[in-house]
Chemist: 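Structure incoming, see below.
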Protein chains: 2
Amino acid sequence: MKSTENERLLQTPDSQAAAFERVRQAHQMEATEDYVELIDDLIHSLGEARLVDVAERMGISQPSASKTIARLQRDGFVTSEPYRSIFLTEKGKTLADRSRARHDVVFRFLLAIGVPESVAEQDSEGLEHHVSDETLAIFERIIQQKKDESAPDESS
Amino acid sequence: MKSTENERLLQTPDSQAAAFERVRQAHQMEATEDYVELIDDLIHSLGEARLVDVAERMGISQPSASKTIARLQRDGFVTSEPYRSIFLTEKGKTLADRSRARHDVVFRFLLAIGVPESVAEQDSEGLEHHVSDETLAIFERIIQQKKDESAPDESS
DNA sequence: CGTGAATCTTAGCCATGGCTTATTTTATGA
DNA sequence: TCATAAAATAAGCCATGGCTAAGATTCACG
């Protein structure tokens, strides 16, 4: 029985490979989600999403932003005429809403467990893409618990 | 005052850009950390780390694994002779230890808040790279709290 | 001890997502 | 209106991290 000679690998190769595969999948969607979320924010706060603002807020050069926007357009998340601002398609808007919802849950969860706001802002940006639906639901439950604790009398 | 015409962008462009930059930095280290952690696990459980096992557990082809291992070697995390197994350098071992420690904290934190083990296994794989030290410390505190709750009398 | 299977490497492909430099287009204001 | 500044695009670079197909090496066993 070789498997007992030293216990360290708890997972089977398959389940471990599946976990990594899942992470890779998440990565593929990350940029897309971050961009549509940001574009939606820009539209709501500034009235339109300009490439220059996207680039600034992503912290990358305009050409880099432009290339990714082109991919988003190719994949049906945004539309934009040359030299004009960027619009979300229905598909893009839907994804943006979903992403922001997740982002908010993660952010509020971190606050609820005592993470300082500035740190929670930073961390939630990275974490949001890697939280499963099941874990997200638990996050929500805990947010609610904390809310109930601090304001016990708000039934209905 | 343009900034009040619609509130949605809570963060300044700079801090938002910094958060994304931080995520990109984390991504750069992700593969490295996952590999050294896995290699360390393989060495401890099987006695050595073979490329074929790394590839299997990462869920990728051998040539892909080989290419990444070459990068890790270039960057001083591992050593390996052609057609021989893979060893961690001191630098690699140190990183592996740190990574597993983080991974464990995230994993046990998820368990502590009620995430099922199989989900916690999957999620912790993706989350570990995006949790700041500050948040990680809070995770540890909560793990300890839950432990105290379920076993109140273990002072010393 | 030699051969076939397993393992590993090489070569070459692709997409993503960064970058710079240079050019084109648009917008602004004197 | 027209010159200049700002914004966007184009072209071309690089690294990462996937892949397949094909070749080299090692290992194990008959």
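Each chain gets a letter, A, B and so on, in the order its sequence line appears, and its residues count up from 1. Atoms considered below: every heavy atom in the structure, side chains included; atoms not considered: hydrogens, waters and symmetry mates.
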Chemist: Quick test of your reading: applying ring pair (Phe, Tyr, Trp, His ring centres under 6.0 Å), list the pairs with at least one residue in residues 66-94 of chain A, sequence neighbours left out, ordered by first then second residue.
Modeler: none
Chemist: Quick check: on DNA chain D, is the nucleotide nearest Asp75(B) upstream (toward 5') of the one nearest Ser64(B), or the reverse? Name the residue that is more 5'.
Modeler: Asp75(B)
Chemist: Under a 3.5 Å distance rule, please check whether His103(A) uses its side chain to pair with a backbone N or O of Ser99(A) as donor and acceptor.
Modeler: no
Chemist: Contacts to DNA chain C from residues 65-73 of chain A, heavy-atom cutoff under 4.0 Å, which residues?
Modeler: Lys67(A), Arg71(A)
Chemist: More 5' along DNA chain C: His27(A) or Arg50(B), using each one's nearest nucleotide?
Modeler: Arg50(B)
Chemist: If we count only N and O atoms by modelled type, under 3.5 Å, do the side chains of Gln11(B) and Ser15(B) hold a donor and an acceptor together?
Modeler: yes
Chemist: Checking Asp40(A) side chain against Ala96(A) main chain: does a donor-acceptor pair fall under 3.5 Å?
Modeler: no
Chemist: Among residues 76-87 of chain A, which residues get a heavy atom nearer than 4.0 Å to DNA chain D?
Modeler: Pro82(A), Tyr83(A)
Chemist: Got a salt bridge between Arg108(A) and Asp104(A), using NZ or NE/NH1/NH2 to carboxylate O under 4.0 Å?
Modeler: no
Chemist: What is the first contacted nucleotide of DNA chain D and what is the last, in 5' to 3' order, if contact means an atom lying under 4.0 angstrom from a heavy atom of chain A?
Modeler: dA7(D) to dG18(D)
Chemist: What is the distance from CD1 of Ile60(A) to C1' of dG18(C), rounded to the nearest Å?
Modeler: 8 Å
Chemist: Going by an N to O cut-off under 4.0 Å, is there a salt bridge joining Arg24(A) and Glu21(A)?
Modeler: yes
Chemist: Cluster partners of Leu111(B), using ILVMFWY side-chain heavy atoms under 4.5 angstrom, listed by chain and number?
Modeler: Phe107(B)
Chemist: Quick one: do Arg100(B) and Asp41(B) make a salt bridge, cutoff under 4.0 Å?
Modeler: yes
Chemist: Before accepting this row, confirm whether a basic side-chain N of the pair Asp53(A)/Arg57(A) lies closer than 4.0 Å to the acidic partner's carboxylate O.
Modeler: no
Chemist: Taking only residues two or more places apart in sequence, or in another chain, which ones meet Gln122(A) in a side-chain contact (heavy atoms from CB on, under 4.5 Å)?
Modeler: Ala18(B), Ala19(B), Arg22(B)
